[in-house]
Amino acid sequence: MSKLLVTGKNKLYGETFVQGAKNSALPILAASLLTNGENLIFNCPKLSDVEASCEILRYLGCNVKRYDDTMIVNATYVDSFDIPDELMRKTRSSIVFMGAVLARMGRAKLSLPGGCEIGHRPIDMHLKALKMMGAVIREKHGYLNCSAPKGLHGAKIALPFPSVGATEDIMVAASTANGTTTITNAAREPEICDLAEYLNSCGARVYGAGEGTIVIDGVDKLTASKHTIIPDRIVAATLMSCAAVTSSQITLKGVIPSHLSSVIPVFEEAGCRVICNKNEINFIAPSVIKSMKTIRTMPYPGFPTDAQAVLMAASSVANGTTVFVENIFENRYRHISELVRMGANIKTEGKVAIVEGVKSLYGANTNATDLRGAAALVVASLCAEGKSEISGVKYLERGYESFEQKLSALGADIKKI
Ligand code: EPZ
């Protein structure tokens with residue numbers, strides 16, 4: 001199992017291009033199942049989670065080829081509706097295939113996606129919504145057997161929580177359903193808008209993405225199209241955290257600053273200068289960052305739960321105390337014990353974490369247990385005294401493309417062993 005070897009305290013400098021968004025690529029790849037013809041998906045990040053989704057597409061009968069940052073997906077000859085357990089378990093987000101396979105094949109058989117490191121990840125909202133659209137779903141021995149004998153039809157769906165995955169699943173299933181589907185209390189993340197843009201470029205009729213209410217008028221069929229994935233706002237937040245803890249000045253290229261409207265103010269409060277141009281962010285950190293008041297994770301446009309771990313790593317060497325409240329997932333503090341091993345002073349009480357900044361962290365051998373936790377350990381190791389060894393790099397590779405190479409190109413002393 002590969003590890004990352006980091007020697008801390010190097011300043012970063014220069015510019016780096018931010019990869020395409022993992023959480024946009026995954027639902028768009030699933031949605032491509034509904035199309036006939038050849039899709040060109042540009043700016044598609046090279047990630048193990050993306051590769052896992054492509055494996056599922058190939059298993060179902062799609063032709064999927066990658067040419068550098070472009071994924072070519074042809075779903076014309078899809079002939080299966082069952083996704084084997086080992087493929088389903090590779091990435092939790094594979095649940096978004098349920099709506100797509102059901103809409104395309106009229107049936108879907110997939111194993112219940114396991115929980116994961118950050119929580120039990122229920123799918124009740126997905127199941128309830130698809131049933132309201134006419135699906136018959138039976139759960140047996142950890143498998144979901146879904147069928148829509150008369151096809152899916154429109155429905156009025158009120159989400160109890162603006163679930164990103166449930167919103168995406170419904171948007172995809174509703175695109176070719178009979179009639180109109182309305183989603184109220186829909187998720188508003190930029191990745192939802194990106195999925196809507198892709199679906200509409202294929203001939204779907206999705207209105208209001210990014211708002212609380214999304215309306216989808218079902219159409220007969222979708223035709224393959226070309227689409228460029230939006231930049232990954234969480235990778236951008238991670239790179240800013242790396243710069244913030246190493247008193248660095250770096251430029252992020254290919255970003256959309258407005259997607260970071262709840263993250264940038266936190267860095268500014270910490271004393272960083274964040275100069276936003278069209279698709280660029282110039283980030284200048286002070287020698288020591290100040291603590292940020294309270295960071296509460298919320299559905300978009302609130303502070304993103306996916307940036308909580310990396311901001312916590314940054315706040316652990318800030319001057320002062322920062323309070324975190326993790327409102328989205330019930331077990332997303334597993335990086336704390338590893339940060340404490342590096343000298344961080346963090347106490348938790350339920351969903352609240354209190355971080356007392358320390359002068360410096362110390363290099364240690366640490367263990368990543370989830371994707372964003374792994375990123376937090378990289379942030380911490382960049383500013384720690386001495387050497388750190390981070391195992392569990394496979395978690396990092398789920399969401400960060402060639403991350404150690406990008407950091408090394410910016411001046412960090414980091415390599416994969
Ligand atoms: C998406 O997960 C992202 N994953 C997550 O990113 C992200 O943290 C999350 O949205 C919140 O922004 C992808 O897009 C592939 P949710 P998702 O449905 O769709 C509960 C990362 O690090 N819930 O918005 O699973 C759920 O348990 C990953 O890149 C139900 O109770 O998130 C959670 O507490 C991690 N029932 C809350 O809602 C349901 O049917 C938000 O989940 C669905 C969700």
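Numbering of ligands and ligand atoms starts at 1, following listing order. Bear in mind the structure is a predicted one, so any value in this text is a computation, not a measurement.
Across the listed options L371, D124, V164, D124 owns the non-hydrogen atom lying nearest to atom 36 (N) of ligand 1. When R398, M298, R372, E189 are ranked by how near their heavy atoms come to atom 22 (O) of ligand 1, first place goes to R372. Between the choices A307, A375, P122, P299, the shortest heavy-atom distance to atom 44 (C) of ligand 1 belongs to P122.
For the pair I328 and ligand 1, the shortest N or O to N or O distance falls below 3.5 Å. Between E168 and ligand 1, no N or O atom pair is found at a separation short of 3.5 Å. Between D306 and ligand 1, at least one pair of N/O atoms sits closer than 3.5 Å. Taking any N or O of L26, backbone or side chain, none lies under 3.5 Å from an N or O belonging to ligand 1. Any N or O atom pair closer than 3.5 Å counts here, and G165 shares at least one such pair with ligand 1. In terms of polar-atom proximity, defined here as any N/O pair under 3.5 Å, S163 does make such a contact with ligand 1.
The minimum heavy-atom distance between I414 and E404, with the atom names listed, is CG2-O, 3.5 Å. The nearest pair of heavy atoms linking A135 to L102 is CB-CD2, 3.6 Å.
The closest approach between A166 and ligand 1 stays at or above 4.0 Å for every heavy atom of the residue. Contact annotation: R332 has at least one heavy atom less than 4.0 Å from an atom of ligand 1.
A salt bridge links E51 with R58: the distance from a Lys NZ or Arg NE/NH1/NH2 to an Asp or Glu carboxylate oxygen falls below 4.0 Å. Ion pairing between D306 and R233 fails under the 4.0 Å rule for side-chain N and carboxylate O. One finds a salt bridge joining E389 and K3 here, because a Lys/Arg side-chain nitrogen approaches an Asp/Glu carboxylate oxygen to under 4.0 Å.
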| task | Applying side-chain hydrogen bond (donor to acceptor under 3.5 Å, both in side chains), run through N178 and H153 and close with a yes or a no. | result | CA-CA 4 Å; N178 304 314; H153 56 71; over 6 Å; no
| task | May I have the step-by-step check of salt bridge (Lys or Arg N to Asp or Glu O under 4.0 Å) for E397 and K416, ending in yes or no? | result | CA-CA 11 Å; E397 290 165 348; K416 197 194 295 189; 2.5 Å; yes
| query | Which is it for Y198 and S225 under the side-chain hydrogen bond (donor to acceptor under 3.5 Å, both in side chains) test, yes or no, and what are the steps along the way? | reply | CA-CA 8 Å; Y198 166 67; S225 77; 5.2 Å; no
| request: Might you work through the side-chain hydrogen bond (donor to acceptor under 3.5 Å, both in side chains) test for T305 and R332, ending with a clear yes or no? | output: CA-CA 9 Å; T305 172; R332 206 167 197 178; 2.8 Å; yes
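Of all the atoms in ligand 1, the ones that sit under 4.0 Å from a non-hydrogen atom of K22 are 21 (C), 29 (O). Residue R121 approaches ligand 1 through these ligand atoms, each under 4.0 Å from one of its heavy atoms: 2 (O), 17 (P), 25 (O), 27 (O). Heavy-atom proximity to F161, at under 4.0 Å, picks out these atoms of ligand 1: 37 (C), 38 (O), 41 (C). Remark: ligand 1 atoms within the under-4.0 Å shell around heavy atoms of T305 are 8 (O), 11 (C). Listed by number with element, the atoms of ligand 1 under 4.0 angstrom from any heavy atom of I123 are 39 (C), 40 (O). Contact atoms of ligand 1 toward H126: 40 (O) (distance under 4.0 Å to a heavy atom of the residue).
The distance from the CD1 atom of I41 to the OG atom of S32 is 6.0 Å, given to the nearest 0.5 Å.
Y67 places a side-chain heavy atom less than 4.5 Å from the side chain of I72.
Neither the backbone nor the side chain of Y300 has any atom closer than 4.0 Å to an atom of ligand 1 (non-hydrogen atoms only).
Below 30°, between 30° and 60°, or above 60°: for H335 and Y333 the angle between ring planes is above 60°, a perpendicular geometry.
The protein heavy atom nearest to atom 3 (C) of ligand 1 is N23 ND2, 3.6 Å.
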